J.: 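Take a look at this one; I'll ask things after.
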Amino acid sequence: MSFLSGKFHSKWTRLTFCFLFLLPLLYPFLLKPGEQLYSDHLGKFILGESVGRNGFLSGNLVLPSRGLDPEGNYCPTECIRIGEELISPFPASLGYVYAIFLPWSGIVGVYVVTAILILLSFLFLSSLWDWDPIYLGVLVLASPFLVNGYFFPDVGIASFLFLAGSFRFLRSGPSSSWFRFVSAGFISASSAWFRIESIVFPLSFIFFLSIYKFSNVEERRKILGYSVGFFIGVVLLLGIQYVLYGHPLGPRFSFNQPTMFLPPWKKWEIYTGLLIANPNRLGFFGYTPGFLIVLFFFLYYILFKKNPFKRNISLEVSNRDLFIFSGFGAFLALVVSAPNDGIIDFGSRYLHLSLPAFAGMFLILLENIREKFRKIAKIVLYSILLYSVYISYSYTQILGKYGRKTTKLNAIYLEQKPDLVVVQIRTYSQILGKYFFQTPSVWLMREADIKNFFSKNHPEQFRKILFVQTKASILESLNDADPFLKNRYYASISQSLGPDFKKVWSENKEDVLIFSMERKSKIRE
């Protein structure tokens, strides 16, 4: 099915295809970059700004609160202490990308570049699938490939690098230079600088290439070249991370390690959240239920139609099919080994690189439906996909709404102009947003943390302190009529700050209680 030939050559089909292809360029307007500085996104911004302030020589976090909290016990963003440095668990390479663009384009430049890389990823994939509008429609509208790739720049950049390397390999011929194959493997491996789990995808690709193609002398040269480039890239990554962080998998490993090596029968909660849903988020198949049908069809297809161990002289498997098979192989391997990071946002960033394979297998499923069932089967499949299209739309709306909510918190910070910001949950460092480096901020979750912090940092050095307390039930249920009544967190703050501080402003929001404490001497002035 070719977009350039008769069947899909209508005006509306071409316009639809062009809209899908250019949709990444619309996302900077749908999800404005300046409104995305919260949670992980704020942490990545902090890392990038720190790399720039360190002259690109170190990823040591430059936190305004470092003088108040030299040990990093109350770091307002996720951080790991290695020697004398506070290191972000996010990829240092992503910090360098941020650091390059922040000085001249701000956070907008990072997201615009990511959107362009996603567009180029569409170019690679559309070319591999002969510009098939159905393939692009499934990938863009019925899967989280676009929204997750844009919303999480590390995911978007990693997928671009893997697809660029794969495209370079798949579009090469037997007579292509050895360098082309080696560079293709190296580029694919480079995706792991941004998402460490992406190592599994080119490794799975090499595995399936070796099973189906290694007996062919011409293909063997290509496979060996790709493998050499991949292993050079992986060894370089693991070696540098070992030297810098003392572990080849880098700082993120310490966050995931507790559940990384749990046996599968003890991971049901992780599997449920990753694949279906948990109380707050949809999983991979929860987002696209149609892909569960595709998965079952893949198992049938590879076992009964493309089984390399069956004696079938006429068995033909294209490189594109091998790309699909390897995507499913990596998907299954990653699901089995899913760490605690597996319970994540809609559609799962952790399994992101398998989405092009699922979309490709969907087309193979359509082609293999028997003629007498074809019409009914297509109606059923496309109806299921419509649900996923709705989820994609809703996901974008939810993220946009949350971003606007973040901007309102920024406004509160600007109105209050505190000397210190204290958040009970790290997520609410978002109140600082792009102003993060202007005011010290610390994460004081429990009453004991408040007492310990202010015993080491005398309150007199602060004129005004802004507190953001969560209303989640993990600590206590607040009285809506008087949220400061029987509020142990607030009582601990009052006790630690002493009688010189008085509450001068508060706002009781849906999920947080925000209030300012100011020194009385300052109030009298």
Side-chain angles (χ1 to χ4, degrees), residues 34 36-103 106-107 110 153-154 244-245 250-252 254-255 406 409-410 412-414 416-446 449-459 461-470 496:
Q36 310 310 322
L37 291 178
Y38 58 86
S39 192
D40 286 7
H41 313 285
L42 180 60
K44 293 165 187 174
F45 165 73
I46 294 168
L47 171 61
E49 185 70 24
S50 297
V51 169
R53 294 188 181 207
N54 290 328
F56 290 81
L57 299 176
S58 170
N60 186 22
L61 295 178
V62 181
L63 302 175
S65 59
R66 194 66 178 270
L68 305 172
D69 177 32
E71 298 297 321
N73 296 320
Y74 306 114
C75 190
T77 183
E78 286 187 335
C79 58
I80 303 168
R81 188 172 184 84
I82 299 180
E84 296 299 317
E85 293 192 340
L86 291 178
I87 301 296
S88 171
F90 302 113
S93 51
L94 182 67
Y96 279 80
V97 171
Y98 272 69
I100 290 170
F101 291 99
L102 287 175
I107 196 66
V110 176
D154 51 336
L244 293 178
Y245 308 119
R252 191 69 189 182
S254 64
F255 274 67
T406 297
L409 289 178
N410 298 162
I412 290 174
Y413 161 76
L414 291 174
Q416 293 299 306
K417 296 182 175 63
D419 296 327
L420 175 69
V421 173
V422 176
V423 295
Q424 190 179 17
I425 299 295
R426 277 174 168 160
T427 303
Y428 290 106
S429 294
Q430 69 195 54
I431 198 167
L432 291 152
K434 64 182 180 180
Y435 310 107
F436 180 88
F437 290 91
Q438 295 183 12
T439 303
S441 175
V442 289
W443 168 51
L444 304 179
M445 186 169 184
R446 297 178 176 85
D449 298 327
I450 294 168
K451 293 175 183 177
N452 186 49
F453 177 80
F454 286 110
S455 68
K456 296 179 180 179
N457 298 278
H458 201 284
Q461 64 183 295
F462 307 110
R463 173 191 59 87
K464 190 177 189 180
I465 306 173
L466 179 65
F467 292 87
V468 185
Q469 180 187 4
T470 180
S496 298

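This one's a predicted model, so the numbers in the text were calculated from it and none came from an experiment.
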J.: Using the ring centroid of each side chain, check whether Phe56 and Tyr96 are separated by less than 6.0 Å.
T.: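 Under 6.0 Å, so yes.
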J.: Can you check side chain to side chain contact (heavy atoms under 4.5 Å, CB included) on Thr77 and Leu42, steps first, answer last?
T.: CA-CA 8 Å; Thr77 183; Leu42 180 60; over 6 Å; no
J.: Measuring from atom CG of Asp449 to atom CD of Gln424, what distance do you get when rounded to the nearest 0.5 angstrom?
T.: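 That separation rounds to 9.5 Å.
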J.: Using the rule given for side chain to side chain contact (heavy atoms under 4.5 Å, CB included), can you reason through Ile46 versus Phe437, listing the C-alpha separation, both sets of side-chain angles and the distance that settles it, and then say yes or no?
T.: CA-CA 8 Å; Ile46 294 168; Phe437 290 91; 4.0 Å; yes
J.: Can you name the closest pair of heavy atoms from Gln461 and Leu68 and give their distance?
T.: OE1-CD2, 3.6 Å
J.: Would a 4.5 Å heavy-atom cut-off, applied to side chains only, mark Val421 and Tyr435 as touching?
T.: no
J.: Given side chain to side chain contact (heavy atoms under 4.5 Å, CB included), test Leu420 with Asn457 step by step and report yes or no.
T.: CA-CA 11 Å; Leu420 175 69; Asn457 298 278; over 6 Å; no
J.: For Cys75 versus Trp443, what's the shortest heavy-atom pair and its separation?
T.: O-CB, 3.6 Å
J.: Within the supplied structure, the quantity of interest is the number of heavy atoms (other residues, nucleotides, ligands) at a distance under 6.0 Å from Lys434 NZ; does it exceed 12?
T.: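 Counting other residues, nucleotides and ligands, NZ of Lys434 stays at 12 neighbours or fewer.
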J.: Can you name the nearest heavy-atom pair linking Pro76 to Ser441, along with the distance?
T.: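 Looking at all heavy atoms of both residues, the closest pair is CG-O, 3.3 Å.
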J.: Could you grab the distance from atom OG of Ser429 to atom CZ of Phe436, nearest 0.5 Å is fine?
T.: 6.0 Å
J.: For Ser50 and Val62, which heavy atoms make the closest approach, and how far apart are they?
T.: OG-N, 2.9 Å
J.: Does a side-chain heavy-atom distance below 4.5 Å link Pro64 with Thr439?
T.: no
J.: Nearest 0.5 Å, please: how far is CG in Leu47 from NZ in Lys44?
T.: 10.0 Å
J.: Under a 3.5 Å distance rule, please check whether Asn54 uses its side chain to pair with a backbone N or O of Asn60 as donor and acceptor.
T.: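 Here the side-chain-to-backbone pair exists.
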J.: Would you check if Ile431 and Leu466 make a side-chain contact, meaning some heavy-atom pair closer than 4.5 Å?
T.: yes
J.: How about Ser39 and Thr427: do any of their side-chain heavy atoms sit closer than 4.5 Å?
T.: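 Answer yes - side chains close enough.
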J.: If you measure from CD on Gln430 to CD on Gln36, what distance do you get to the nearest 0.5 Å?
T.: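 The CD atom of Gln430 sits 11.0 Å away from the CD atom of Gln36.
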J.: Step by step, work out the side chain to side chain contact (heavy atoms under 4.5 Å, CB included) result for Tyr98 and Val51.
T.: CA-CA 8 Å; Tyr98 272 69; Val51 169; over 6 Å; no
J.: When you measure from the side chain of Lys417 to the backbone N and O of Leu414, does any donor-acceptor pair fall under 3.5 Å?
T.: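 The answer is yes, because a donor-acceptor pair under 3.5 Å joins these two groups.
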J.: Would you indicate whether the side-chain heavy atoms of Tyr245 and Ile80 approach each other to under 4.5 Å?
T.: no
J.: Could you tell me the separation between the CD atom of Glu71 and the CD atom of Glu84, rounded to the nearest 0.5 Å?
T.: 8.0 Å
J.: Look up atom CG in Leu61 and atom CD in Glu85, then write down how far apart they are to the nearest 0.5 Å.
T.: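 Between Leu61 CG and Glu85 CD, I get 9.0 Å after rounding to 0.5 Å.
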J.: Any side-chain heavy atom of Asn452 within less than 4.5 Å of one from Tyr74?
T.: yes
J.: Is His41 close to Ile107 at the side-chain level, that is, under 4.5 Å between some pair of heavy atoms?
T.: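 When only atoms from C-beta onward are counted, His41 and Ile107 do not touch, as no gap falls below 4.5 Å.
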J.: What I'd like to find out is whether the side chain of Ile450 reaches to under 4.5 Å of the side chain of Phe467, using heavy atoms alone.
T.: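 No, every pair of side-chain atoms sits at 4.5 Å or beyond.
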